[in-house]
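Worksheet: one structure, shown below.
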Number of protein chains: 4
Amino acid sequence: IKRVAVLTSGGDAPGMNAAIRAVVRAAASQGIEVVGVRRGFSGLHRGEMHLLGPRDVANTIQRGGTILLTARSRTWRTPEGRAEGARYLREWGVGGLIVIGGDGSFHGGYHLQEEHGIPVIGVPGTIDNDLYGTDHTIGYFTAVETALDAVDKLRDTGASHERIFVIEVMGRHAGHIALDVAVAGGAEEVFIPEDEKPIESVVEIVKQSVEKGKKGSIIIVAEGYDGGAQAVGDAIQAGTGLETRVSILGHIQRGGSPVSSDRILASRLGEAAVYALMDGQKGVMVGRTSGGITYTPLPETWQNSKDVSHDLYRCARVLSI
Amino acid sequence: IKRVAVLTSGGDAPGMNAAIRAVVRAAASQGIEVVGVRRGFSGLHRGEMHLLGPRDVANTIQRGGTILLTARSRTWRTPEGRAEGARYLREWGVGGLIVIGGDGSFHGGYHLQEEHGIPVIGVPGTIDNDLYGTDHTIGYFTAVETALDAVDKLRDTGASHERIFVIEVMGRHAGHIALDVAVAGGAEEVFIPEDEKPIESVVEIVKQSVEKGKKGSIIIVAEGYDGGAQAVGDAIQAGTGLETRVSILGHIQRGGSPVSSDRILASRLGEAAVYALMDGQKGVMVGRTSGGITYTPLPETWQNSKDVSHDLYRCARVLSI
Amino acid sequence: IKRVAVLTSGGDAPGMNAAIRAVVRAAASQGIEVVGVRRGFSGLHRGEMHLLGPRDVANTIQRGGTILLTARSRTWRTPEGRAEGARYLREWGVGGLIVIGGDGSFHGGYHLQEEHGIPVIGVPGTIDNDLYGTDHTIGYFTAVETALDAVDKLRDTGASHERIFVIEVMGRHAGHIALDVAVAGGAEEVFIPEDEKPIESVVEIVKQSVEKGKKGSIIIVAEGYDGGAQAVGDAIQAGTGLETRVSILGHIQRGGSPVSSDRILASRLGEAAVYALMDGQKGVMVGRTSGGITYTPLPETWQNSKDVSHDLYRCARVLSI
Amino acid sequence: IKRVAVLTSGGDAPGMNAAIRAVVRAAASQGIEVVGVRRGFSGLHRGEMHLLGPRDVANTIQRGGTILLTARSRTWRTPEGRAEGARYLREWGVGGLIVIGGDGSFHGGYHLQEEHGIPVIGVPGTIDNDLYGTDHTIGYFTAVETALDAVDKLRDTGASHERIFVIEVMGRHAGHIALDVAVAGGAEEVFIPEDEKPIESVVEIVKQSVEKGKKGSIIIVAEGYDGGAQAVGDAIQAGTGLETRVSILGHIQRGGSPVSSDRILASRLGEAAVYALMDGQKGVMVGRTSGGITYTPLPETWQNSKDVSHDLYRCARVLSI
């Protein structure tokens with residue numbers, strides 16, 4: 001293998017640049033060249049490619065976003081689009097493609113491999129942490145930290161006004177961020193898509209919380225919970241009459257300089273992706289599980305789901321006493 | 001004067017604790033005792049008061065929110081409510097009241113002084129910076145910094161996706177925060193209540209910005225601009241067809257540990273408020289203007305408005321070229 | 001078991017308050033009272049104790065330091081001192097003691113248990129991460145983040161001046177912090193006590209780095225590496241003639257609001273410590289290994305050492321190419 | 001005037017990039033081209049120059065350091081070196097030079113103007129804030145914030161151990177940073193070069209502080225105070241016997257993303273520098289004083305010194321009661 005290509009796809013996540021850097025430098029250390037593809041699969045079928053050397057990724061490990069850009073692509077969903085992409089990869093003499101993204105992106109890469117025989121390795125980059133086959137995904141730690149920082153700020157003002165704050169964090173299908181933020185933020189209650197408990201339960205919890213003398217309450221809601229934070233806030237306001245504010249944190253959770261855990265995970269996995277291609281692996285996602293590198297066939301990453309920690313869910317309840 | 005009382009009122013602002021601390025310690029340095037009133041005027045007419053010594057405010061200078069809590073009070077708007085408050089202040093032997101808050105709070109204090117002869121000094125504490133009589137208000141610098149931090153994060157993700165981000169910052173009646181954040185955040189455009197330019201103008205600006213090769217655009221909107229960020233975002237989406245995201249930063253701008261400028265301003269003004277009472281002043285707000293302490297009659301603080309810097313508004317335009 | 005006591009001991013670590021809070025609230029959820037001991041073993045043999053209820057630990061999860069204070073104690077090293085402590089614990093009706101700290105603190109607790117039969121559970125709280133029996137220690141993640149933030153800042157100025165920065169991070173006996181910071185900070189080289197490679201090797205690395213066109217270099221040194229950062233800096237200056245600056249980060253790494261990973265780990269382990277006492281366990285440290293709670297006999301925590309990740313050490317080298 | 005050149009010189013300061021960006025964009029808005037000079041005067045006499053367009057400074061406003069690099073130059077101190085620089089500037093058709101830096105850098109620019117008739121405008125960029133002719137210098141606000149963040153962290157650990165922390169901040173000739181950090185950090189005492197009070201005075205202050213029940217003390221020392229933090233720490237340790245730690249913050253104060261105040265100041269002054277050249281001004285520094293742009297002849301910037309605020313110095317004392 002003389003050349004590999006790398007792209008970022010789907011929603012951007014802090015640490016993607018650290019992963020690109022790791023791919024480029026690990027490859028260089030093995031005498032392999034790296035072709036960077038801009039704008040994900042959208043750029044791939046248009047041939048937006050250029051060589052990336054070790055110096056090109058200098059001073060990027062601490063940067064949020066992705067220097068390779070990312071975009072959605074409808075064309076890639078067509079066999080014609082993928083054929084175009086494959087043609088470009090062959091023209092550039094690329095012996096393998098590394099896809100940094102979530103399961104949708106892996107899907108796109110898997111089709112390419114199946115149809116055109118180009119080995120594809122997935123690197124889990126998404127803030128949601130909802131990928132089977134790795135304990136954590138690149139970007140997750142930073143997203144939690146950003147949300148937590150917001151919760152800390154809202155608690156300051158919530159406590160001063162003795163108000164209820166209902167805070168919506170990212171997670172369309174999974175409550176990983178919500179649960180971590182709830183425990184770390186000392187929240188009174190957390191709503192996640194994995195447990196469709198009735199919204200009314202929160203009313204009792206907030207009432208008890210006030211009776212216990214708590215100044216202000218923090219309720220965390222994953223965006224994927226039915227109705228979202230607004231519905232929870234409305235229920236509390238209606239059920240308790242207490243002043244309730246809803247705050248939807250939104251896209252700030254995607255940005256910012258990655259925290260150390262994301263940079264280190266990205267460094268390890270970017271390196272592992274290059275070695276996997278060299279070892280002749282294909283169609284797998286590199287992940288990190290229980291402290292070791294693991295390889296999960298790409299289809300398993302979207303066929304399986306990753307549970308939130310039931311233990312932590314229980315812990316959140318106990319500690320909000 | 002043997003004793004003074006202090007309260008925080010209206011929306012909380014980072015640095016209020018630094019101001020309380022300064023009042024308590026400056027008073028102690030002059031042999032004056034301080035009575036802390038909890039929950040603003042609402043607590044005052046209910047007599048929620050206690051002595052605050054220098055050690056009680058230790059380790060609070062860096063804390064967001066207000067240790068004295070704050071609340072709205074309908075009762076205070078009635079002469080009966082204010083009479084109750086006056087009675088409590090006299091019972092506690094208080095010779096003057098320091099009100100940390102915005103112009104609504106100064107109004108409440110001014111009535112008390114007029115009706116019951118208790119000297120009142122205002123300290124400008126509000127994130128909006130819309131108070132006549134001081135260059136800056138306590139909390140403003142931190143709110144700008146928090147909003148700017150969010151803008152920096154959104155730019156990371158906006159640039160990666162080549163998206164437009166329309167970001168709403170606080171400022172119901174004034175564009176101070178919006179303007180500072182726009183200049184410091186390198187925004188393409190800013191909408192403030194002080195200049196009701198047509199919303200459509202933004203469409204042309206965004207189009208040009210794309211033509212110039214800018215990756216992603218940042219538009220800042222003060223919440224007081226007609227229609228807010230949502231209207232601006234809708235106009236851009238409709239007028240350009242470009243992917244546009246709206247982000248409303250909300251209450252996080254009120255919280256967090258105060259930045260140095262707010263702590264220092266609060267320290268200076270809290271101290272000045274005590275000395276003003278000792279000098280026999282009453283019915284004035286202490287402020288800081290052009291590097292010196294100034295005293296503005298309370299009614300002037302709500303009768304006048306403070307302009308945004310036209311110079312900076314122009315500068316924002318020039319630098320977004 | 002009706003009552004348990006909790007203390008923090010040794011160097012403080014961010015997240016200790018989250019651990020105290022978890023102990024108090026998990027106990028309360030089981031109908032158990034908690035006695036807080038101030039100033040570690042020093043306060044224990046003097047009986048500095050008081051009841052801690054769930055509200056007493058409100059709003060502490062985000063605070064750095066330890067609300068129970070910590071101190072060194074020579075008296076505790078004497079059988080008489082420990083007898084005094086045991087007497088106080090019995091007076092207060094305490095059925096078990098939870099010690100949050102490092103292996104020195106566990107030693108102190110173990111003696112108490114051996115001599116006086118009071119069950120002791122250890123909770124790993126130290127920024128150094130050098131405790132056998134847990135993947136990570138409470139405080140470690142925050143210390144790495146603080147050091148990394150400093151490295152990011154130093155790289156800004158180092159790159160502008162094209163200088164070498166040699167940065168010393170904490171870790172008297174272990175290179176865990178240094179290694180994480182080196183990988184996450186994109187350092188050119190890292191020196192840890194676990195690998196006593198010759199200091200001169202760095203000269204060649206820095207020279208090559210300059211030849212490759214790198215603007216400025218970052219070298220990380222664990223304080224426990226022979227000679228520390230100063231020796232490394234002197235060697236570089238002498239060997240290359242390049243402008244070299246030494247920066248010793250010091251105690252800032254101990255402070256600050258804990259990051260989410262430390263708060264969550266502390267919450268889990270504080271809770272687990274209470275349950276361990278209820279289950280009749282004694283003389284063990286609760287830890288978290290490969291995603292589960294583990295129990296390690298206290299003596300093993302100081303008889304064994306925890307290796308740095310050789311894999312990550314290798315990765316650091318590869319990615320600095 | 002068709003072209004102007006810009007360089008950064010001396011120690012780097014956060015906000016220098018925002019100033020460069022403002023120069024480039026304000027010039028572009030007036031149809032003027034900008035030549036960027038790399039490595040300050042060192043690069044100028046070697047002709048390290050290139051055109052800088054508005055897109056070249058995109059996404060730099062939030063970056064620490066300086067994209068134009070900075071360096072010391074002995075050659076520039078010779079007439080021959082300056083003649084070389086003048087020759088390059090004429091070759092490039094440059095009608096004026098903007099120097100972003102401190103008084104040493106202004107000196108270098110002034111000589112060029114005197115000897116070769118090229119108009120020079122100074123922009124105050126230095127963290128020390130010790131420049132006559134402007135209320136604040138670019139980089140100062142960020143340096144204070146960085147130092148304050150460190151002080152907040154050290155207070156956490158200092159309070160937990162009930163230790164004294166003596167913290168040295170930057171400021172070789174001036175106490176501006178030290179004073180702001182002392183007030184904002186709630187320090188017990190501050191030592192600045194402007195007031196050579198005897199070091200022993202601190203011993204009494206620390207003793208009293210302990211008697212008042214303070215948990216830990218924070219002492220701030222400007223690096224320019226005779227003996228620095230180490231001398232102060234030694235005096236305290238010797239005079240009180242209390243555990244005392246010395247922390248020298250060092251170069252981290254130069255780095256990091258600039259805070260809003262620095263970005264705004266840099267934006268305003270960079271713009272003003274371009275307009276000053278267009279107006280035919282030469283040999284002046286643009287500054288901001290009492291809310292307006294001011295122009296100070298360059299020699300005055302090094303002939304005069306800027307006092308620290310005596311008012312604030314007094315305030316620091318009062319509030320540490």
Side-chain angles (χ1 to χ4, degrees), chain B residues 18 21-22 24-26 28-30 54-55 58-62 135 141 144-145 147-149 151-152 155-156 159 179-181 183-186 212-216 257-264 266-268 270-272 289-293 309 311-312 314-321, chain D residues 18 21-22 24-26 28-30 54-55 57-62 135 141 144-145 147-149 151-152 155 159 179-181 183-186 212-216 257-264 266-268 270-272 289-293 309 311-312 314-321:
Chain B
R21 173 181 177 273
V24 170
R25 296 202 168 173
S29 80
Q30 306 291 324
R55 289 291 70 66
N59 217 9
T60 64
I61 197 171
Q62 81 278 25
D135 286 348
F141 294 102
V144 168
E145 214 57 42
L148 180 58
D149 184 56
V151 169
D152 282 354
R155 185 175 27 214
D156 282 345
L179 188 48
D180 269 17
V181 169
V183 172
K212 286 178 208 158
K214 289 198 180 187
K215 287 200 189 61
S257 180
V259 300
S260 60
S261 302
D262 278 325
R263 298 191 200 180
I264 294 170
S267 297
R268 284 182 185 271
E271 189 196 20
T289 313
S290 297
I293 297 290
S309 162
D311 229 50
L312 194 61
R314 190 192 43 66
C315 181
R317 267 290 172 79
V318 169
L319 301 190
S320 70
I321 198 172
Chain D
R21 172 183 178 271
V24 170
R25 296 203 167 172
S29 80
Q30 306 290 322
R55 290 290 70 68
V57 292
N59 218 9
T60 63
I61 196 171
Q62 81 279 23
D135 285 349
F141 293 103
V144 169
E145 213 59 40
L148 180 58
D149 185 56
V151 169
D152 282 354
R155 184 176 26 214
L179 188 48
D180 269 17
V181 169
V183 172
K212 287 178 207 156
K214 289 199 182 185
K215 286 199 189 61
S257 180
V259 300
S260 61
S261 301
D262 278 325
R263 297 190 200 180
I264 294 170
S267 297
R268 285 181 185 272
E271 189 197 20
T289 314
S290 297
I293 297 290
S309 162
D311 228 51
L312 194 61
R314 190 193 42 65
C315 181
R317 267 291 172 76
V318 169
L319 301 190
S320 69
I321 196 173

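Since the structure is predicted, the reported quantities are computational estimates derived from the model, not experimental observations. First the proteins, then the strands, lettered A, B, ... as listed; each starts at 1.
- Using a 4.5 Å cut-off between heavy atoms, D/Ala18 does not touch chain B at all.
- In plain terms, the two heavy atoms of D/Val318 and B/Ala26 that are nearest each other are CG1-CA, 3.9 Å.
- With a 4.5 angstrom heavy-atom cutoff, D/Leu319 touches chain B via backbone and side-chain atoms both.
- Contact tally against chain D (heavy-atom pairs below 4.5 Å) for B/Val144, B/Leu148, B/Val181: the top residue is B/Leu148.
- Of the atoms belonging to D/Ala22, heavy atoms from both backbone and side chain fall under 4.5 Å from chain B.
- Contacts with chain D were tallied for B/Ser29, B/Ser290, B/Ser260; B/Ser260 has the most, counting heavy-atom pairs under 4.5 Å.
- For a residue to count as touching a neighbouring chain, one of its non-hydrogen atoms must lie under 4.5 Å from one of that chain's; by this rule D/Ser257 touches chain B with the side chain only.
- The closest donor-acceptor contact from the side chain of B/Arg155 to the backbone of B/Gly185 lies under 3.5 Å.
- Neither the backbone nor the side chain of B/Ala58 comes within contact range of chain D; no heavy atoms are under 4.5 Å apart.
- Across B/Arg21 and D/Gly186, no two heavy atoms sit closer than the pair NH2-CA, 3.4 Å.
- For D/Asp180, the parts lying under 4.5 angstrom from a heavy atom of chain B are both the backbone and the side chain.
- Contact of B/Leu312 with chain D is made through backbone and side chain together, with heavy-atom distances under 4.5 Å.
- Looking at every heavy atom in both residues, B/Ile61 comes nearest to B/Arg263 through O-CD, 3.7 Å.
- Both the backbone and the side chain of D/Ile321 come within contact range of chain B, with heavy atoms under 4.5 Å apart.
- Contact tally against chain B (heavy-atom pairs below 4.5 Å) for D/Ile264, D/Val24, D/Asp311, D/Val183: the top residue is D/Ile264.
- Contact annotation for D/Thr60: neither backbone nor side-chain heavy atoms come within less than 4.5 Å of a heavy atom of chain B.
- For D/Arg317, the side chain to side chain donor-acceptor pair (under 3.5 Å) test picks out D/Glu189, with sequence neighbours left out.
- Only the side chain of D/Asn59 comes within contact range of chain B, with at least one heavy atom under 4.5 Å from a heavy atom of that chain.
- Taking every heavy atom of both residues into account, D/Lys212 and B/Arg55 meet most closely at O-CD, 3.1 Å.
- A pairwise comparison of heavy atoms in D/Arg25 and D/Pro54 identifies NH2-O, 3.0 Å as the closest pair.
- The two residues B/Val259 and B/Phe141 have their closest heavy-atom pair at CG2-CB, 3.6 Å.
- For B/Ser309, the part sitting under 4.5 Å from any heavy atom of chain D is the side chain, from C-beta outward, and nothing else.
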